[in-house]
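Computed from a predicted structure; not experimentally measured. Order of listing sets the numbers, starting from 1, for every ligand and every atom in it.
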Amino acid sequence: MDDVLTSCPACGDLLDIAYEWDKLPVPKSLREFEAAWSRRNNPLDFSGVWRFRKLLPFAPDDKIVTIGEGQTILQNSQAVARYVGMDPGRLMLQHEGLNPSGSFKDNGMTAASTHANMVGAQHAACASTGNTSASLAIYASSTGLFKTIVFVGSGKISYGKLSQALDYGAKTLQLAGDFDDAMRQVQAVCKQEKIYLCNSVNPFRLEGQKTIIFRILEALNWDAPDWIVVPGGNLGNSSAFGKALIELKQLGLLTRLPRIAVINAAGANTLHRLYNQQGLRWNSGRPQQQLVNTFYDEMDRDGRKATTLASAIQINRPVNLKKCLRALDATDGIVREVDDQLILDAKAQVGAGGFGCEPASAASVAGAKLLREEGVIAPSDRVVCILTAHQLKDPTATVAYHSNDKEQFDKVLAPLGVKTTAFANSPIGVANEIDRILEVIHGF
Ligand SMILES: *Cc1c(COP(=O)(O)O)cnc(C)c1O
């Protein structure tokens with residue numbers, strides 16, 4: 001706990017947090033957490049992450065760094081259920097975009113910041129497609145605990161996210177490369193300069209993200225859904241979900257687990273290819289590393305880069321691959337890929353259904369629809385799709401889809417294989433005259 005390590009010095013693999021549960025005050029029932037609702041004047045009980053701190057018991061209360069994250073809810077959406085092909089009331093959306101920095105990353109960043117606080121870190125860094133940097137930057141600026149450096153790939157980051165890092169005062173390096181390059185560089189820099197690394201290679205991040213599962217279960221009165229569908233980028237979230245469920249089962253707090261479905265973008269589908277085409281499995285903790293090495297060697301040789309409008313999952317070398325395999329193994333999970341056309345159509349439906357999300361988030365809804373069509377998910381199943389971030393994170397993609405501006409379409413969407421905008425809600429140009437305006441309105 002006193003060390004700042006993200007990988008095992010001996011084998012180089014990621015670290016994993018393991019608790020000595022028999023020495024800890026484990027709750028007897030998940031219902032015990034409901035009492036925290038009556039103590040909301042205590043910031044730790046108010047936090048949607050830390051009110052579950054008995055299930056991530058690595059920090060003393062006085063070291064916990066919280067800004068009120070995790071006030072997120074499970075929403076029912078009839079419109080999105082219809083689109084996906086579910087029976088009414090069977091599709092739910094866990095809206096993690098309602099976090100302080102607008103994405104689920106705050107669940108993990110509060111935990112990483114807490115550990116950084118415990119070890120007295122002065123500087124923290126991350127590589128980011130945008131949301132991790134926004135989240136780290138908000139924790140650093142609002143608590144004043146450490147200075148922050150973020151590495152982003154040049155030209156890849158949406159303005160919504162870049163503006164957050166800049167506004168919150170993080171030193172922002174726009175690297176001449178993509179996310180996978182930024183990830184490699186930040187790991188090297190942090191190691192050399194002893195800077196606290198806040199990417200999801202940091203095992204404490206995953207501890208915080210476990211609480212998304214706890215909140216979903218709580219919203220369902222502790223009765224697990226049949227499916228949890230989550231977009232897969234670096235695979236930290238899916239790994240954290242799996243760890244949460246494995247631990248709940250171990251502790252005897254949950255008997256039936258949901259199945260996890262991880263959804264890749266087709267333009268960044270490393271997990272899909274390794275899992276579905278090459279048969280890579282957890283294999284009791286010994287995945288066939290040779291399959292992974294060969295896959296990456298070929299990727300480098302062919303110069304293949306991740307390409308998708310869903311920039312938050314535009315990642316070809318998912319750092320939590322192995323932990324994700326564990327999650328898939330424990331939950332009888334599955335993996336699918338969806339193309340940008342499906343993602344953007346699903347995003348428009350999530351918007352029209354009253355919530356809205358950024359493109360990567362909509363991969364979960366697109367994936368659920370695909371699994372419905374395949375017959376893997378039944379219309380009567382209870383399905384939770386994770387909306388990983390807020391709609392305002394990436395307005396460029398949204399406007400390019402909805403506007404009937406051909407130039408925007410050709411510039412933003414067409415290069416990624418998007419052909420139609422079937423659910424577009426285009427703005428209507430009108431002359432500055434009441435008669436013309438009324439003409440248009442009467443035509444609705
Ligand atoms: C980070 C992120 C993801 C990917 O999550 P991983 O844990 O990296 O798999 C998906 N959607 C959004 C909006 C994100 O910010």
Side-chain angles (χ1 to χ4, degrees), residues 14 72 93-99 101-109 111-112 126-136 138 150 152 156-158 160-162 164-165 179-180 182-183 198-203 205-210 212-213 228-244 260-265 268-272 306 308-325 327-328 333 335 338 343 346-347 350 355-367 385-394 397:
L14 294 190
T72 61
L93 303 171
Q94 175 67 14
H95 196 352
E96 290 298 315
L98 297 178
N99 271 290
S101 81
S103 85
F104 81 83
K105 297 294 198 300
D106 295 345
N107 290 283
M109 210 51 79
C126 69
S128 183
T129 61
N131 284 331
T132 302
S133 55
S135 185
L136 175 58
I138 201 175
V150 305
V152 298
K156 300 279 184 183
I157 183 171
S158 76
K161 304 174 190 182
L162 179 61
Q164 288 180 289
F179 172 81
D180 294 308
M183 188 69 227
C198 287
N199 279 99
S200 59
V201 291
N202 181 321
R205 276 266 311 269
L206 272 53
E207 290 306 294
Q209 289 168 208
K210 291 192 310 194
I212 299 171
I213 290 289
I228 293 184
V229 191
V230 59
N234 251 331
L235 306 178
N237 226 12
S238 44
S239 298
F241 291 5
K243 188 171 191 282
I260 291 180
V262 184
I263 313 299
N264 271 168
N269 60 356
T270 295
L271 178 67
H272 162 72
T308 166
L309 244 150
S311 57
I313 52 174
Q314 184 172 259
I315 294 169
N316 259 351
R317 290 178 177 268
V319 297
N320 288 293
L321 176 62
K322 205 165 165 181
K323 290 182 181 178
C324 178
L325 294 174
L328 291 166
V335 180
V338 289
I343 289 176
K347 181 177 127 43
V350 172
F355 299 105
C357 62
E358 72 161 87
S361 312
S364 63
V365 172
C385 291
I386 311 294
L387 298 185
T388 44
H390 200 279
Q391 183 185 39
L392 296 177
K393 288 284 193 173
D394 189 358

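Inclusion of Ile313 in the set of residues having an N or O under 3.5 Å from an N or O of ligand 1 is not warranted. On a distance-only criterion, Gln209 and ligand 1 share no N/O pair closer than 3.5 Å. Any N or O atom pair closer than 3.5 Å counts here, and Asn131 shares at least one such pair with ligand 1. Considering backbone and side-chain N/O atoms, Ala389 never comes within less than 3.5 Å of an N/O atom of ligand 1. Below 3.5 Å of separation, one finds an N or O of Lys105 facing an N or O of ligand 1.
Judged purely by atom type and a 3.5 angstrom limit, Ser158 uses its side chain to pair as donor or acceptor with the backbone of Lys393.
Protein heavy atom nearest atom 5 (O) of ligand 1, with residue, atom name and distance: Phe104 CZ, 3.5 Å. Closest to atom 8 (O) of ligand 1, if we only count protein heavy atoms, is Asn234 N, 2.8 Å. Among protein heavy atoms, atom 12 (C) of ligand 1 sits closest to Thr388 OG1, 3.2 Å.
For the side-chain contact (heavy atoms from CB on, under 4.5 Å) with Val201, the qualifying choice from Asn320, Asn234, Leu14 is Leu14, the only one to do so.
Counting the atoms of ligand 1 from 1 in the order shown, those under 4.0 Å from a heavy atom of Gly232 are 9 (O). Close approach to Ala360 involves these atoms of ligand 1, each under 4.0 Å from a residue heavy atom: 11 (N). Below 4.0 Å from some heavy atom of Gly233 lie the following atoms of ligand 1, by number and element: 4 (C), 6 (P), 8 (O), 9 (O). For ligand 1, the atoms closer than 4.0 angstrom to any heavy atom of Gly236 are 6 (P), 7 (O), 9 (O).
With a 4.0 Å heavy-atom cut-off, ligand 1 is reached by no atom of Ile315. The proximity of Glu358 to ligand 1, defined as any non-hydrogen pair under 4.0 Å, is limited to the side chain. For Asn237, heavy-atom contacts with ligand 1 shorter than 4.0 Å involve the backbone as well as the side chain.
Contact of the Gln314 side chain with the Phe179 side chain is not registered, since no non-hydrogen atoms from C-beta on lie closer than 4.5 Å. You'll find the side chain of Ser311 stays beyond 4.5 Å of the side chain of Ile157, heavy atoms only.
When all heavy atoms of Glu358 and Lys347 are compared, the closest pair comes out as C-CD, 3.9 Å.
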